[in-house]
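All values below come from the heavy atoms of this structure, side chains included, with hydrogens, waters and symmetry mates left out.
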Amino acid sequence: LFAEAGVQTSGNKRNHHVLKIGHGGTLDSAATGVLVVGIGKGTKMLRTMLAGSKKYTAVGLLGKGTDTLDATGKVTEEKPYDQITKGDLEKVLQKFTGDIMQVPPLYSALKKDGERLSTLMKRGEAVEAKPARPVRVYSLSLQQFQPPLFTLDVECGGGFYVRSLVSDIGKELSTCATMQELTRTKHGPFTLEEHALYEDKWTIDEIARSLEHCTSLLPGEPSHKKLKTEHPGETAVSCE
């Protein structure tokens, strides 16, 4: 989401273009996919435009659990999984569809006393798990099952952790599981297939075309009121 930058004059009368940049929601460090960025007045529109669902493709690994609930962590447990069938897994998925309760992972961007839980954990500080909270899963389907790996397509609301889902599925199957790969394929109206601009197309012309395509999703002209840095993902960038 892009808008014109404001122009400010500093004390030495040199012009600075000040851009406020905000992202529409963090991705796990090992994840890939859609991360919507607002620039200028677009930062003000992120919350409204991204109020819809998110979609993910996740690859889980049966039989191993880690402290981070993904492949970046240390293995904390190993259990047999040979008895699990595709039918068992599909049946379990029904329990995680709809409005459910979910405990967020300890390694997360959630904060305690102003610091991320993941930062506290990495420093070796004791951290208590956050209480279970309501989350919404619009759809959940099994795409592939090649033990020990399984691939899920997930459409969910805000505040949902796919890592926790994969771990909970493992527990429900009387084993353990950890997330191996995660790709966000959709956030609000923005999709990986239609709107992502891959690095090999980072040219002025391609960026301009991409911006025009994304701008067509805007509900209307952004407000011309002065922006305030309100959202955690916003950062002020000064460019001479």
Side-chain angles (χ1 to χ4, degrees), residues 25-34 52-112 116-118 120-122 126-187 192:
T26 56
L27 271 172
D28 287 346
S29 58
T32 60
V34 177
S53 64
K54 306 174 187 180
K55 288 185 178 180
Y56 296 90
T57 298
V59 178
L61 174 71
L62 292 169
K64 287 188 178 182
T66 67
D67 54 359
T68 60
L69 308 187
D70 65 14
T72 67
K74 297 178 181 178
V75 176
T76 56
E77 60 177 338
E78 296 187 54
K79 292 183 178 181
Y81 60 86
D82 295 341
Q83 74 282 7
I84 298 170
T85 67
K86 182 180 180 180
D88 294 333
L89 188 48
E90 289 176 329
K91 186 176 181 180
V92 161
L93 295 187
Q94 298 175 19
K95 298 183 179 181
F96 294 97
T97 303
D99 294 320
I100 63 173
M101 299 296 290
Q102 184 185 71
V103 176
L106 288 176
Y107 281 89
S108 70
L110 297 179
K111 294 184 178 181
K112 175 187 177 184
R116 290 186 174 189
L117 295 185
S118 56
L120 297 174
M121 292 286 290
K122 290 174 183 177
V127 175
E128 292 185 5
K130 293 283 187 179
R133 58 187 188 175
V135 292
R136 178 167 293 181
V137 179
Y138 295 99
S139 65
L140 177 59
S141 60
L142 179 65
Q143 298 303 306
Q144 288 187 351
F145 182 61
Q146 296 177 319
L149 299 176
F150 60 96
T151 302
L152 303 173
D153 274 351
V154 187
E155 182 173 6
C156 58
F160 186 83
Y161 283 89
V162 182
R163 281 181 288 144
S164 292
L165 169 68
V166 171
S167 177
D168 291 342
I169 287 172
K171 293 174 183 176
E172 194 69 26
L173 290 167
S174 299
T175 182
C176 51
T178 191
M179 191 177 70
Q180 291 295 102
E181 300 176 21
L182 181 66
T183 303
R184 184 189 285 164
T185 58
K186 174 182 177 293
H187 192 179
L192 185 60

Flag side-chain contact, heavy atom, 4.5 Å: Asp88 against Leu173
yes

Under a 3.5 Å distance rule, please check whether Ser164 uses its side chain to pair with a backbone N or O of Pro104 as donor and acceptor.
no

Give, for atom CD of Gln180 and atom OG1 of Thr66, the distance between the pair rounded to the nearest 0.5 Å.
8.5 Å

Using a 3.5 Å distance criterion without hydrogens, assess whether the side chain of Gln102 forms a donor-acceptor pair with backbone atoms of Phe160.
no

Value for CD (Gln143) from OG1 (Thr151), rounded to nearest 0.5 Å, stands at 8.0 Å

Which atom names give the shortest non-hydrogen contact between Gly158 and Val135, and what distance separates them?
O-CG1, 4.5 Å

Rounded at 0.5 Å granularity, tell me how far CZ in Phe150 sits from CG in Leu142.
8.5 Å

Looking at every heavy atom in both Tyr81 and Gly63, which two are closest together, and how far apart are they?
CD2-CA, 3.8 Å

Is there a donor-acceptor contact under 3.5 Å from the side chain of Asp168 to the main chain of Leu165?
no

Show the nearest heavy-atom pair for residues Ser167 and Leu69, with the distance to one decimal.
OG-CD2, 3.9 Å

Residue Lys64 excluded, over 12 heavy atoms near NZ under 6.0 Å:
no

So OG1 of Thr178 and CD of Glu77: to nearest 0.5 Å the spacing works out to 9.5 Å

Minimum heavy-atom separation for Val166 and Gly60, please, with both atom names.
CG1-CA, 4.1 Å

Spatial distance of atom CZ (Arg136) from atom CD (Glu155) [nearest 0.5 Å]:
11.5 Å

What pair of heavy atoms forms the shortest contact from Tyr161 to Pro105, and how long is it?
CG-CD, 3.4 Å

Counting distance only, does the side-chain N/O of Thr97 pair as donor-acceptor with the main-chain N or O of Val137 below 3.5 Å?
no

Pair Phe96, Val154 - check side chain to side chain contact (heavy atoms under 4.5 Å, CB included), show working.
CA-CA 10 Å; Phe96 294 97; Val154 187; over 6 Å; no

Main-chain N/O of Val34 paired to Arg184 side chain as donor or acceptor, under 3.5 Å
yes

Is there a donor-acceptor contact under 3.5 Å from the side chain of Asp28 to the main chain of Ala30?
no

Side-chain contact, heavy-atom cut-off 4.5 Å: Phe145 with Leu62?
yes

Please confirm whether the backbone N or O of Ser141 pairs with a side-chain atom of Asp153, one donor and one acceptor, at under 3.5 Å?
no

If you look at every heavy atom in Gly33 and Leu27, which pair is closest and at what distance?
O-CD1, 4.0 Å

To the nearest 0.5 Å, tell me how far Arg163 CZ sits from Leu182 CG.
9.0 Å

